[in-house]
Amino acid sequence: MAQKPSIPKGTRDFLPFQVNRRDYIYNTIKGVFKKFGFAPIETPSFELSSTLMGKYGEEGDRLIFRILNSGEKVKKADLKSLEEGNLPRFANSISEKALRYDLTVPFARFVVQHQNELTFPFKRYQIQPVWRADRPQKGRYQEFYQCDADVVGSDSLLFEIDFIQIFDEVLTKLNIPDFSIKINNRKVLSGIAEITGEEDKIIPITVAIDKLDKIGEEGVVKELKEKGISDQAIKMISPLFSLTGDNKRMISFMKDFLSDSLIGSKGIEELEYVFEKTNLFGLQRAKLEFDVTLARGLNYYTGAIFEVKANGVQMGSICGGGRYDDLTGLFGMNGLSGVGISFGADRIYDVLTELELFPEDISQNLDVLFVNFGEKETQFCLPIVKKLRDNGISVELYPDATKLKKQFKYADDRNVKYTAIFGESEIAKNQVTLKNMATGEQTSVKVDEIIKSLTK
RNA sequence: GUGGUUGUAGCUCAGCUGGUUAGAGCGCCUGAUUGUGGUUCAGGAGGUCGUCGGUUCGAAACCGAUCUUCCACCCCA
């Protein structure tokens, strides 16, 4: 018996209307990337394990999909390591490849490998699927697409400003009514750790305060204590919990707060620059917000950190990004600063669905359907069909001369704009009857004028 | 990775403390309407109750395993 077919957890099939909607998102993003001077690249869906492992922290390693060695190669299995409980070593003995976990690390590898073929600063965009062995939830899949734009080879803050505009422009074009671009700076976070005398605990500190809006001040204090942060340090940090007001005010507060920290002051200076320059031209719909509690991608970000949230929708962040000063250093090429952003296309899809923001016409795959009346009428139809197609109009002639009810229902299901009726009586008058499927209105047009009336 | 949750027709869901032939709405197909879809009416098809095993005279229901869904952690797009 045929078993019920299924697909692995956290993966999805896409129906035509869904692919149309996804393409609409990708094309919008691509258009803006191109406008800002980014060029496309692609990298393999899987990399050598050694390229990926250890680049995302311990958590990340756990979530990387490994590819089992093929055929005879599994014989290399290091059974001794398995017995000794050394699972990473055992895994490496049977797997030397892994599915791409994000687009940033493969990009760093790409830049190092092709450094002599690239012109710096090198700006690329890349839209490809990535895989994570995470437990699926709503808006979290094991296979999903990332749409990244990065620039390497420049530490100019002008790129941070460009990326803010890219976020703004893409999401405005997609018609998302209300969204916030949150920005912070890793140097500010370092500064906080420094002035509290807990420099080595920067990660636990920032991870804890990142949860402020979720678990509240008490929760954060509790977590800080659990991580072994001194009471004195917690007391110093606590003013940050109630930091509110406009960006200018928060920044000036942080400026004082971090005045004893060189690195912290540098972070504030960078933020000030970005805000000041962005204010010169303004943004369309985005709210640009400084958020000290924002702490993402700490494993490699060194400067700006971005996160974008759609307001009024229950959904995690829809975009992220930041600056990483030495990503290519991991592959032996030092001193190249990079900054980049990523659009979470799948989440944007869910937001657009929830807010009903997809345009109607993107699910339209067929402009005209010709009714099939039989062999004789087909003779007259085919040249017209050809002519319409040559003019960029998508046309089908129904494959069988079945009853009209069925043909019209097919046209309806296909969401066709016009049904063309070219039967005996029309042929006699050298006219075609065009039925507008949305309004039900029928008009007779001369055969020579079909294209004119369809393209107006 | 930890704790929980879900699975019955294409879809959304009923189905009582285990008891004949498992239901509804929507969708689908056929006809009313042999040159007209979206409305209406009449009829029809469609289910090894996620899968495997166990308990029982008897399981959609109880137990176990497994897969899947969603949720909270962890982390993250």
Side-chain angles (χ1 to χ4, degrees), chain A residues 1-12 15 25 29 56-64 87 100-104 127-148 203-204 207-208 210-211 214-215 219 223 294-299 306-310 314-322 340-351 369-374 377 398 401-427 432-442:
Chain A
M1 258 319 270
Q3 66 181 50
K4 256 187 197 168
S6 62
I7 55 174
K9 73 172 164 199
T11 64
R12 296 149 302 156
L15 292 165
I25 294 172
I29 294 170
Y56 309 100
E58 227 174 283
E59 247 343 277
D61 279 0
R62 206 192 75 210
L63 300 176
I64 292 173
L87 294 181
R100 170 169 70 211
Y101 175 88
D102 72 356
L103 300 179
T104 308
I127 300 181
Q128 290 191 278
V130 303
W131 294 268
R132 293 187 188 178
D134 202 359
R135 195 171 282 205
Q137 269 179 51
K138 200 185 197 107
R140 296 175 78 158
Y141 308 98
Q142 293 205 332
E143 177 183 65
F144 62 98
Y145 276 72
Q146 285 192 332
C147 310
D148 280 23
I203 302 243
V207 165
D210 183 50
K211 294 179 188 163
K214 206 166 175 180
I215 59 178
E223 179 159 337
L294 177 62
R296 289 295 158 112
L298 289 170
N299 286 308
F306 299 113
E307 181 173 286
V308 182
K309 286 208 66 174
Q314 195 111 30
M315 178 70 66
S317 59
I318 54 175
C319 310
I341 59 170
S342 180
F343 285 83
D346 295 277
R347 286 192 179 173
I348 291 173
Y349 183 102
D350 290 343
V351 168
L369 177 80
F370 272 78
V371 171
N372 187 325
F373 284 101
E377 289 84 349
Y398 194 83
T402 52
K403 52 183 66 173
L404 291 205
K405 183 186 168 78
K406 196 168 178 188
Q407 300 197 36
F408 270 91
K409 180 148 170 45
Y410 174 82
D412 198 31
D413 291 343
R414 285 292 305 271
N415 202 9
V416 175
K417 275 186 216 139
Y418 292 97
T419 305
I421 302 163
F422 195 49
E424 210 176 349
S425 57
E426 283 85 0
I427 292 170
V432 173
T433 303
L434 286 180
K435 175 162 181 171
N436 181 324
M437 293 302 282
T439 62
E441 186 191 356
Q442 290 194 181

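Every chain is numbered from 1 and lettered A, B, ... according to where its sequence line falls, protein lines coming before strand lines.
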Say you draw a straight line from [atom1] of [X] to [atom2] of [Y]; how long is it, rounded to the nearest 0.5 Å?
X      : Y      : atom1 : atom2 : answer
A:L103 : A:Q146 : CG    : CD    : 5.0 Å
A:Y145 : A:I25  : OH    : CD1   : 12.5 Å
A:Y56  : A:D61  : OH    : CG    : 9.5 Å

For [X], which contact category applies under a 4.0 Å heavy-atom criterion: base, sugar-phosphate, or nothing?
X      : answer
A:S6   : nothing
A:A438 : base
A:F343 : nothing
A:S342 : nothing
A:G440 : base
A:Q442 : base
A:G10  : sugar-phosphate
A:G57  : nothing

Side-chain-base donor-acceptor pair under 3.5 Å for A:E426 and B:G35
yes

Any N or O donor-acceptor pair linking the side chain of A:R135 to the base of B:C75 at under 3.5 Å?
no

For [N], give its Watson-Crick or G-U wobble partner with both distances under 3.5 Å, or none.
N     : answer
B:G25 : B:C11
B:C73 : B:G1
B:G64 : B:C52
B:A42 : B:U30

Taking the [atom1] atom of each, how far is [N] from [M], in whole Å?
N     : M     : atom1 : result
B:G38 : B:G31 : P     : 13 Å
B:G7  : B:U51 : C1'   : 11 Å
B:C16 : B:U6  : P     : 16 Å
B:C52 : B:A9  : P     : 16 Å
B:A14 : B:C57 : P     : 32 Å
B:A60 : B:C49 : C1'   : 4 Å
B:U21 : B:G25 : P     : 23 Å
B:U12 : B:C71 : P     : 16 Å

Using a cut-off of under 3.5 Å, enumerate the N/O to N/O pairs linking the protein to nucleotides 29-33 of chain B.
{"residue": "B:G31", "atom": "OP1", "partner": "A:K403", "partner atom": "NZ", "Å": "2.8"}

In whole angstroms, how far is the [atom2] atom of [N] from the [atom1] atom of [X]?
X      : N     : atom1 : atom2 : result
A:F408 : B:U39 : CZ    : P     : 16 Å
A:K214 : B:A72 : NZ    : C1'   : 9 Å
A:L63  : B:C74 : CG    : C1'   : 9 Å
A:Y418 : B:G38 : OH    : C1'   : 17 Å
A:F370 : B:G37 : CZ    : P     : 19 Å
A:I203 : B:C75 : CD1   : P     : 11 Å
A:L404 : B:G38 : CG    : P     : 13 Å
A:D134 : B:G1  : CG    : P     : 10 Å

In terms of the nearest nucleotide of RNA chain B, which residue is placed more toward the 5' end: A:I7 or A:K138?
A:I7

Between A:I421 and A:E223, the residue closer to the 5' end of RNA chain B by nearest nucleotide is A:I421

Run A:V371 and A:F422 through side chain to side chain contact (heavy atoms under 4.5 Å, CB included) and show every step you take.
CA-CA 7 Å; A:V371 171; A:F422 195 49; over 6 Å; no

Ignoring backbone atoms, establish whether A:Q137 has a side-chain N or O less than 4.0 Å from OP1 or OP2 of B:U69.
no

With a cut-off of less than 4.0 Å, is there a side-chain N or O of A:K211 near OP1 or OP2 of B:C73?
no

Inspect the contact between A:R12 and A:D346 and indicate whether a charged nitrogen and a carboxylate oxygen are less than 4.0 angstrom apart.
yes

May I ask whether A:F373 stacks on the base of B:G35, given the cut-offs of 5.5 Å between ring centres and 30° between planes?
no

Verdict with reasoning, A:E426 to A:T433, per side-chain hydrogen bond (donor to acceptor under 3.5 Å, both in side chains):
CA-CA 7 Å; A:E426 283 85 0; A:T433 303; 2.9 Å; yes

Mind checking what makes ring-ring contact (aromatic ring centres under 6.0 Å, His included) contact with A:F370, not counting sequence neighbours?
none

Would A:K406 and A:Y398 count as a side chain to side chain contact (heavy atoms under 4.5 Å, CB included) here? Give the steps.
CA-CA 10 Å; A:K406 196 168 178 188; A:Y398 194 83; 4.3 Å; yes

Closest of B:C76, B:G37, B:U36 to the A:R140 side chain is B:C76

Is it the case that atom CD in A:E424 sees more than 12 heavy atoms from other parts of the structure closer than 6.0 Å?
no

Measuring only between side-chain heavy atoms, which start at C-beta, is A:Q442 closer than 4.5 Å to A:I421?
yes

